[in-house]
Amino acid sequence: MSHSDGEPTPFERVAERETSRTDYYREILDRNVVAPLRILISDTRGLFGIGSILFFVFLGTVGVWLTNQPESTQYILLPPFQDAAHPLGTGRYGNDVLLQLIHSTPFMLQMIAGGAVYNITMAVIVGTFAGYKGGRIDEFLMTIVDMIIAVPALPLVIVLAVIFEPTNPIVVGIVITLPSWAGLSRALRSEVLSVRTHSYIEASRTMGLPTASILRHEIIPNLMPYIMINFVNAARRVIFASVGLYFLGVLPTSGIMNWGVIMNTAYETGSLYTLDTAHWIILPMIMVVWLSYGLIMFGQAADKVYNPRLRARHATTMTQETARTEEAES
Amino acid sequence: MNWYIRRTLQALLTVYGVITFTFVLIRIMPGGPMESMRAQLIQQHQGSLTTEDMERINRIVETRVNIDPDQPLYTQYVDYVSSVLTGDLGQSTWHQAPVMDLLIERLPWTIFLMGSSITLSFALGITLGAIMAYKEGTILDVGLSSYSTFMTSVPYYVVAVLLVYFLGYQWDYFPIQGRMAPQTTPGLNYPFLAGVAYHLVLPVISVVITGMGGRALAMRGNSVRVMGDDFIRVARLRGLKPRTIAIQYVGRNALLPMYTNLMLAVGFMFGGAIILEEIFGYRGLGQLMYSSIGNRDLPLMMGCFLLITMTVVIALFIADLTYGKLDPRVQSGERHESF
């Protein structure tokens with residue numbers, strides 16, 4: 001075992017090519033942020049999806065900062081596109097509808113993020129663990145999951161909302177989708193079942209890697225497209241359920257700015273009887289449909305981001321050679 | 001273990017779990033229904049409280065929520081579970097009537113409304129999906145796919161509000177609320193049935209129009225996948241009629257995965273009844289639950305929750321048993337090697 005001559009031992013071998021720190025970070029940025037964005041934008045659906053999401057984020061941050069809080073004015077029930085000062089008209093109490101929509105956005109976004117992150121985290125942990133472990137653990141977890149699935153979500157959420165009266169947007173998002181992770185975790189589990197016996201996972205298991213790291217490094221990356229789509233669906237579920245419950249006035253509405261609350265006020269004050277007042281209830285509906293359609297389009301396009309062939313083509317730091325090895329790995 | 005026995009046990013366990021959950025919610029939550037009800041009664045009582053007053057208050061609480069605060073916790077629990085299982089859901093504070101009587105009157109209407117919505121949205125969605133799959137790539141397919149995708153992003157209550165607004169208030173084609181025509185007697189007579197159907201149109205349309213898209217897309221995906229399978233090619237080579245292949249080979253195999261979709265839809269739709277029935281003023285279970293929230297009638301709210309849940313659990317149970325007949329594979333049970 002001489003160290004000075006001949007082939008170096010595996011412990012002494014160093015990379016043939018040296019990468020500086022900036023290069024390293026540039027590469028990470030390029031592969032994980034720039035390339036996916038390029039793929040998204042190259043697709044009409046992705047462009048619409050990411051455009052809509054960025055638009056709402058802009059509305060909820062810069063928009064709120066630029067505009068004043070909606071206040072009562074003497075212009076009552078002004079129709080839209082008539083007055084430059086109130087481009088989308090005003091409501092029964094003289095509130096500017098556009099300002100109401102803008103100032104509701106941060107609450108909506110926080111709620112959506114809270115609910116979606118909670119759902120995906122629960123679903124991924126339970127679903128992948130049950131699917132990977134199999135046997136009794138799987139049976140036990142799936143029995144619980146099936147029980148939760150059998151309970152209709154909306155009545156349960158209403159009962160919880162009435163008793164706890166949540167007002168914090170993130171808490172509202174979580175309460176509203178409290179049982180929804182069960183359905184997702186079942187779907188994820190069946191995806192895991194189809195990859196758990198692959199040879200590379202078998203290899204990791206034989207090497208004695210802990211379950212957590214097999215799940216994190218081998219299984220979850222394989223399910224990313226699926227998780228992404230479900231993340232988007234979870235976000236849509238939060239929007240649908242929350243706007244519905246605020247619209248009905250089941251969740252506490254006082255002092256809360258939300259598209260559903262605007263619809264609730266409009267509905268309660270009889271906005272449906274005449275055409276002149278309908279804009280007040282229809283505009284928040286358009287926002288709801290727009291955001292959820294944008295999310296769907298984003299989800300469909302995001303599917304492509306996880307296609308390694310496409311990602312390699314859009315990443316500048318990747319040569320044909322590295323692209324091919326990456327492809328072979330995944 | 002036998003698949004049927006296991007499935008039955010699971011349904012029973014779910015029912016038991018839900019009842020326990022409501023007990024915990026009513027009894028144990030600080031500031032939960034029971035405590036707030038007691039506090040309210042104590043507040044209503046002017047002057048100082050004697051032991052007899054306290055006992056009287058506890059009696060009232062007990063008739064309303066089936067929980068006697070005097071008893072130890074486990075006795076309360078056993079009493080609560082047994083009274084719920086024997087159909088005693090307590091006393092409504094607003095209607096001053098047993099919760100069960102109020103619920104039983106509403107239940108058939110909700111089952112009728114939601115049953116027809118689910119059936120129609122699945123029948124139409126599946127047909128549409130199959131057509132789309134067979135016309136894959138044509139303008140018809142692209143058009144219907146985009147339309148379906150868009151419709152899945154529209155909440156059913158938005159369509160419901162718009163339908164009430166245009167077809168109800170503005171053009172007066174359909175009734176804006178109610179579940180049956182006035183001055184008709186329930187029974188098997190034409191005016192009554194026609195009135196019921198007439199009141200059913202708008203709510204059913206709003207569910208079907210929004211729910212159909214997702215089912216059509218799922219069915220389209222399944223059919224396209226099945227059509228690429230080898231056994232379809234073999235069937236074609238054997239010279240079977242295209243119609244036979246479409247229905248017996250493709251249709252049947254594409255339909256089976258739709259079953260999971262149906263399971264989830266049952267719970268989703270019965271839950272959605274609360275919003276839907278309120279918008280259309282349809283006097284069903286959901287509308288009752290909604291009004292109980294406004295009246296702070298907690299025993300009634302809990303009763304509605306329990307009954308809606310039971311309905312869904314039973315519906316899923318029946319669906320599961322019939323599915324076992326359709327696809328024998330599930331009965332063998334899938335158990336995977338444990339790691």
Side-chain angles (χ1 to χ4, degrees), chain A residues 131-139 143 146-160 162-164 183 186-187 193 196-197 205 211 214 236 239-241 243-245 247-250 263 267 271-275 278 281-282 285 288-297 300, chain B residues 10-11 13-14 17-18 21-22 25-26 29 31-33 149-150 152-158 161-162 164-165 168-170 176 260 263-264 266-275 278-279 286 289-290 293-294 296 298 301-302 304-305 308-309 311-313 316-317 334-339:
Chain A
Y132 175 72
K133 277 307 224 185
R136 283 200 184 282
I137 294 178
D138 178 35
E139 249 173 44
T143 309
D146 281 343
M147 281 170 63
I148 299 176
I149 290 177
V151 178
L154 202 64
L156 175 68
V157 168
I158 287 181
V159 167
L160 292 175
V162 167
I163 290 177
F164 294 111
R186 215 175 200 319
L193 284 180
R196 75 198 285 261
T197 46
R205 188 163 52 243
T211 305
I214 296 182
R236 281 177 49 229
I239 303 177
F240 279 26
V243 172
L245 292 187
F247 173 48
L248 282 190
V250 171
M263 283 166 64
Y267 189 71
S271 206
L272 276 184
Y273 301 116
T274 56
L275 199 60
I281 193 165
I282 289 176
M285 289 180 181
V288 170
V289 173
W290 183 2
L291 180 55
S292 69
Y293 190 60
L295 283 170
I296 292 185
M297 292 293 111
Q300 287 189 353
Chain B
Q10 197 189 327
L13 200 63
T14 311
V18 170
F21 172 76
T22 52
L25 223 49
I26 295 175
M29 281 311 157
T149 315
F150 179 71
T152 51
S153 62
V154 184
Y156 59 93
Y157 50 82
V158 164
V161 168
L162 293 178
V164 172
Y165 177 67
Y169 285 107
Q170 299 302 315
I176 44 175
T260 335
M263 292 244 296
L264 293 174
V266 171
F268 179 76
M269 290 209 181
F270 271 92
I274 299 166
I275 300 182
E278 172 54 24
I279 293 174
M289 183 162 179
Y290 177 77
I293 297 165
R296 301 297 296 178
L298 293 164
M301 184 180 84
M302 285 306 192
C304 289
F305 168 67
I308 294 177
T309 309
T311 314
V312 173
V313 170
L316 290 182
F317 181 59
E334 33 167 4
R335 188 136 184 224
H336 302 274
E337 188 196 350
S338 69
F339 293 152

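Being a predicted model, the structure only gives us computed values, none of them experimental. Proteins come first, then strands; the chains are lettered A, B, ... in the order of their sequence lines, and each starts at number 1.
- Taking both residues in full, the closest heavy atoms of Gly271(B) and Leu154(A) are given as O-CD2, 3.3 Å, listed atom of the first, atom of the second, then distance.
- Heavy-atom distances place both the backbone and the side chain of Val154(B) under 4.5 Å from chain A.
- For a residue to count as touching a neighbouring chain, one of its non-hydrogen atoms must lie under 4.5 Å from one of that chain's; by this rule Ile282(A) touches chain B with the side chain only.
- Of all heavy-atom pairs spanning Thr152(B) and Phe240(A), the tightest one is O-CZ, 3.7 Å.
- Interface summary for chain B: among Val288(A), Leu245(A), Ile158(A), Leu160(A), the most heavy-atom pairs under 4.5 angstrom belong to Ile158(A).
- The candidate from Leu13(B), Ile293(B), Thr14(B) with the greatest count of non-hydrogen atom pairs under 4.5 Å with chain A is Thr14(B).
- One finds the CZ atom of Phe21(B) at 11.5 Å from the CE atom of Met147(A) (value rounded to the nearest 0.5 Å).
- For Ala11(B), the side-chain contact (heavy atoms from CB on, under 4.5 Å) partners are Arg7(B), Val313(B), Phe317(B), not counting sequence neighbours.
- If you measure heavy-atom distances from Ile296(A) to chain B, the contacts under 4.5 Å come from the side chain alone.
- Across Val18(B), Val312(B), Val266(B), Thr311(B), the residue that shares the most heavy-atom pairs under 4.5 angstrom with chain A is Val312(B).
- Neither the backbone nor the side chain of Thr22(B) comes within less than 4.5 Å of any heavy atom in chain A.
- Counting heavy atoms from C-beta on, the side chains of Pro155(A) and Thr309(B) never come closer than 4.5 Å.
- Contact annotation for Val243(A): both backbone and side-chain heavy atoms come within less than 4.5 Å of a heavy atom of chain B.
- Contacts of Leu316(B) with chain A are made by side-chain atoms alone, with heavy-atom separations under 4.5 Å and no backbone atom involved.
- The two atoms that bring Val159(A) and Met289(B) nearest to each other are CG2-CE, 3.8 Å, heavy atoms only.
- In terms of heavy-atom proximity, Gly244(A) sits nearest to Tyr157(B) at N-OH, 3.0 Å.
- Heavy-atom distances place no part of Leu295(A) under 4.5 Å from chain B, backbone and side chain included.
- The candidate with the highest count of non-hydrogen atom pairs below 4.5 Å against chain B, out of Val162(A), Ile239(A), Ile148(A), is Val162(A).
- Among Val289(A), Leu291(A), Ile149(A), the residue making the largest number of heavy-atom pairs under 4.5 Å with chain B is Val289(A).
- Expressed to the nearest 0.5 Å, how far CG of Asp146(A) lies from CD of Gln10(B) amounts to 4.5 Å.
- Contact annotation for Ile275(B): both backbone and side-chain heavy atoms come within less than 4.5 Å of a heavy atom of chain A.
- Scanning for side chain to side chain donor-acceptor pair (under 3.5 Å) contacts around Thr149(B) gives an empty result, with sequence neighbours left out.
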